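What you see below is based on every heavy atom in this structure, not just the backbone, and it leaves out hydrogens, waters and symmetry mates. Computed from a prediction, not measured in an experiment: that's the story for all the values here.
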Amino acid sequence: TEWTSVRAASARKPVADPGDDLADLLAGMLEALQLRKGTVGPTDPALATHQPKAHGMPTGSGPLRGGGAATPTRWPSRLGPTSTDRPGSSAPVTSPLAADPSPTAEEDKAAAAAARLQRRYEVYYYFHAAFNHNTAALDQAIKEGVIRDAEKPPDFFCAACARSDPSGAHWQRHTKASTSLPLVPYHAVEIDLWGPLDVKDRNGFRYVFGGVCKATGKGFLQPMRSKSEAAGVLRSYLALIREQCPGIEVHLRKFVKFKEIRVPGLAVVFSDRGGEFTTTFGYTQSEFDSLLRDVVHKLNTPNTPQSGTSRIERMWLSLTTAARSSLLTSGLGMQYFFDAMVLASDVRNCMPTTASRMGDGEAPNETLGLPYDLRTLVPLGTLGYLRVAGNKADAKNALVMIVGLNHDGLGYRAVRVDNGTMVTSVDIKPVPKQSSLRKLVDSSKDSPGAAAAFIREHCDLTDPSRELDLGSVL
């Protein structure tokens with residue numbers, strides 16, 4: 001083992017003087033043999049002048065190994081210095097699509113360089129889809145070194161973004177009411193219902209309950225079958241806030257400027273005058289009103305969201321746009337629209353946003369100190385493998401299609417390709433290098449009748465305008 005380690009370290013050393021290489025190699029072998037015999041220690045002065053050079057190799061007493069548990073990759077904090085030294089950020093995200101460069105002959109250098117550049121462009125498109133089609137966030141991640149092996153194409157254009165953006169012309173006037181509310185997490189939140197939308201969802205969902213923190217932009221989403229479920233979802237949202245507030249307070253007090261901050265919990269709720277939130281003119285108390293008895297409930301002016309619910313209306317615009325883009329990119333049918341919205345909300349909480357006023361535009365989860373890992377974000381419809389139990393001769397993995405993150409714990413939510421059932425597990429491993437679902441959909445459009453049963457049931461093969469090639473569309 002000692003000989004192998006010395007030879008491996010020497011193999012990684014840049015070519016310099018052959019005499020130095022031989023001296024270092026012999027010195028390392030001598031040290032290894034003496035250590036095995038117990039005749040000399042690692043710091044023996046006899047070997048002080050013949051220690052092999054590090055040549056940039058990692059140091060430490062533990063073995064080097066790939067995979068396994070690792071520190072989550074996060075955005076660098078913008079909250080300022082901490083009262084104690086904070087560990088540095090983890091290693092930047094390396095694309096699962098990036099391949100190790102292979103040596104090429106002299107005459108193929110130009111072609112190899114062009115191929116590597118094209119590969120970096122493909123990685124950019126991959127993370128563009130994984131980051132909610134948020135070009136600004138991806139460019140910032142590349143600039144700060146969070147994302148490696150990616151480069152923005154000079155003529156970058158996403159047809160899915162162009163077709164999904166409903167903003168239209170940009171000369172309309174936008175007005176937002178100023179607020180004097182304190183910048184304390186969950187002191188004030190905006191809530192709203194989005195829907196109805198009938199997409200033949202497998203769970204019968206037609207509405208979405210949403211909440212957003214006015215200080216940090218942290219979003220919350222829960223699909224519902226009917227408006228009558230709003231009170232129960234609100235009860236779950238209030239419980240989640242109570243559970244998170246103590247940990248958020250401990251996290252923020254590590255920073256100098258928040259040394260004395262208190263995060264007591266919810267104090268003000270903003271909503272519109274929908275019947276699910278209050279009764280008409282407030283003559284009688286609804287179940288929703290009774291749940292908010294201990295907080296201030298403010299209602300906005302009808303048809304004027306800027307008087308109280310402008311942030312959540314902006315969040316609806318962002319999430320629906322991202323959901324449509326994800327469906328177009330993946331090729332999935334509209335029955336996965338609510339899955340796409342929930343995944344878009346999870347990604348939004350991990351992305352820098354101007355809605356995070358308290359964190360100066362950083363990711364809401366980073367401001368609140370909530371756990372997240374950018375390496376777990378994958379585009380909707382990414383294929384992967386689920387480790388399954390069975391006999392020794394059985395296959396150990398089943399092919400799945402990832403549709404979101406697991407909210408009841410760690411792992412992903414996915415659909416098994418072999419039987420169409422929904423599973424949630426930490427044993428799902430995304431494999432972006434696997435032939436993507438989009439390629440399977442495109443190859444099945446010419447003959448939908450011959451397509452696999454899973455593709456016919458879960459994907460959209462009927463509308464040719466969903467093709468992402470702009471030239472084909474025109």
Q) Say you draw a straight line from NZ of K214 to CD1 of I312; how long is it, rounded to the nearest 0.5 Å? A) 10.0 Å
Q. Is any side-chain N of the basic residue among R262 and E249 closer than 4.0 Å to the acidic one's carboxylate O?
A. no
Q.
By the definition side chain to side chain contact (heavy atoms under 4.5 Å, CB included), identify the one residue from L234, L291, L238, V295 that meets it with V269.
A. V295
Q) How far does OG of S326 sit from CE of M341, to the nearest 0.5 angstrom? A) 11.5 Å
Q | Side-chain heavy-atom pair P430, I402 within 4.5 angstrom cut-off | A | yes
Q.
Is it true that, when you exclude K257 itself, more than 12 heavy atoms of the residues, nucleotides or ligands shown sit nearer than 6.0 Å to its NZ?
A. yes
(Q) Could you report the tightest heavy-atom contact between M351 and F131, atom names first, then the distance? (A) SD-CD2, 3.5 Å
Q. Can you tell me if N203 uses its side chain to pair, donor with acceptor, with the backbone of F205 under 3.5 Å?
A. no
Q. Are the side chains of R242 and L266 in touch, meaning some heavy atoms are under 4.5 Å apart?
A. no
Q | Whether W194 and W316 hold their rings parallel, tilted or perpendicular, with breakpoints at 30° and 60° | A | tilted
Q: Would you mind checking if D373 and R74 are paired as a salt bridge, meaning a charged N to carboxylate O distance below 4.0 Å?
A: no
**Q.** Heavy-atom pair with the smallest gap, counting every atom of L79 and G359
**A.** CD2-CA, 3.7 Å
Q) Run the side chain to side chain contact (heavy atoms under 4.5 Å, CB included) check on F209 and E229 step by step: do they pass? A) CA-CA 9 Å; F209 176 96; E229 299 178 5; over 6 Å; no
Q) Any side-chain donor paired with an acceptor under 3.5 Å for H133 and T329? A) yes
Q. Is the gap between the ring centers of H128 and F156 under 6.0 Å?
A. yes
Q. Hey, does Y126 have a side-chain heavy atom less than 4.5 Å from the side chain of D149?
A. no
**Q.** Value rounded to 0.5 Å, distance of CG in L370 from CD1 in I248
**A.** 5.5 Å
Q.
Has T216 got a side-chain atom pairing as donor or acceptor with C213's backbone, closer than 3.5 angstrom?
A. no
Q: Go through the side-chain N and O atoms of Y412 and D427 and say whether any donor and acceptor fall under 3.5 Å apart.
A: no
**Q.** A355 backbone acceptor or donor facing T353 side chain under 3.5 Å
**A.** yes
Q) Are Y372 and E366 linked by a side-chain donor-acceptor pair shorter than 3.5 Å? A) yes
Q) Looking at Y121, does the NZ or CZ of K152 lie under 6.0 angstrom from its six-membered ring centre and within 45 degrees of the ring axis? A) no
Q. Is there a donor-acceptor pair under 3.5 Å between the side chain of W75 and the backbone N or O of C350?
A. yes
**Q.** side chain to side chain contact (heavy atoms under 4.5 Å, CB included) evaluation trace for D139 with T135
**A.** CA-CA 6 Å; D139 292 344; T135 305; 3.6 Å; yes
Q) Is R120 salt-bridged to E151, cutoff N-O under 4.0 Å? A) yes
Q | For the student: nearest non-hydrogen atoms of T382 and P379, plus distance | A | OG1-O, 2.7 Å
Q) When rounded to the nearest 0.5 angstrom, what distance separates CG in L410 from OG1 in T376? A) 9.5 Å
Q) Do NZ/NE/NH1/NH2 and the carboxylate oxygens of R202 and D339 come within less than 4.0 Å? A) yes
Q) Do the side chain of N349 and the main chain of K218 share a donor and acceptor less than 3.5 angstrom apart? A) no
Q | Atom pair NZ/CZ of K254 and F258 - distance to nearest 0.5 Å | A | 13.0 Å
Q.
Looking at S271, is its backbone amide N or carbonyl O close enough to the side chain of D192 to form a donor-acceptor pair, meaning the two atoms are under 3.5 Å apart?
A. no
Q: Compare every heavy atom of V263 with every heavy atom of P185, then report the nearest pair and how far apart it is.
A: O-CG1, 3.5 Å
Q.
If only side-chain N and O atoms count, and only distance matters, is there a donor-acceptor pair under 3.5 Å linking D346 with H407?
A. yes
(Q) Given 3.5 Å as the limit, does a donor-acceptor pair link the side chain of R78 with the main chain of A363, or not? (A) no
Q | Any side-chain heavy-atom pair of Y336 and V415 under 4.5 Å | A | yes
Q. Of the non-hydrogen atoms in S356 and T367, which two are nearest, and what is the gap between them?
A. OG-OG1, 3.4 Å
Q: May I have the step-by-step check of side chain to side chain contact (heavy atoms under 4.5 Å, CB included) for S425 and L386, ending in yes or no?
A: CA-CA 8 Å; S425 174; L386 167 67; 3.7 Å; yes
Q. Considering only heavy atoms from C-beta outward, does the side chain of L138 approach that of K143 to under 4.5 Å?
A. no
Q) Can you tell me if D272 and T309 form a side-chain donor-acceptor pair at under 3.5 Å? A) no
Q. Would you say R311's side chain and E190's backbone share a donor-acceptor pair under 3.5 angstrom?
A. no
Q | Note, V400 side chain near V417 side chain (heavy atom, < 4.5 Å) | A | no
Q) Does a salt bridge link R206 with D201, judged by any charged N lying under 4.0 Å from a carboxylate O? A) no
**Q.** For the student: nearest non-hydrogen atoms of A215 and V184, plus distance
**A.** CB-O, 3.6 Å
Q | Backbone of A160 reached by a side-chain donor or acceptor of S164 within 3.5 Å | A | yes
Q) Got more than 12 heavy atoms from elsewhere within 6.0 Å of CG, L240? A) yes
Q: Determine, stepwise, if the pair L383 / V431 fulfils side chain to side chain contact (heavy atoms under 4.5 Å, CB included).
A: CA-CA 6 Å; L383 298 179; V431 187; 6.0 Å; no
Q | Interatomic distance, E260 atom CD to L252 atom CG [nearest 0.5 angstrom] | A | 13.0 Å
Q | V146 and Q140, any side-chain heavy atoms less than 4.5 Å apart | A | no
Q. Any luck finding a side-chain donor-acceptor pair between S310 and R314 under 3.5 Å?
A. no
Q) Is there a side-chain contact between R348 and V212, using heavy atoms and a 4.5 Å cut-off? A) yes
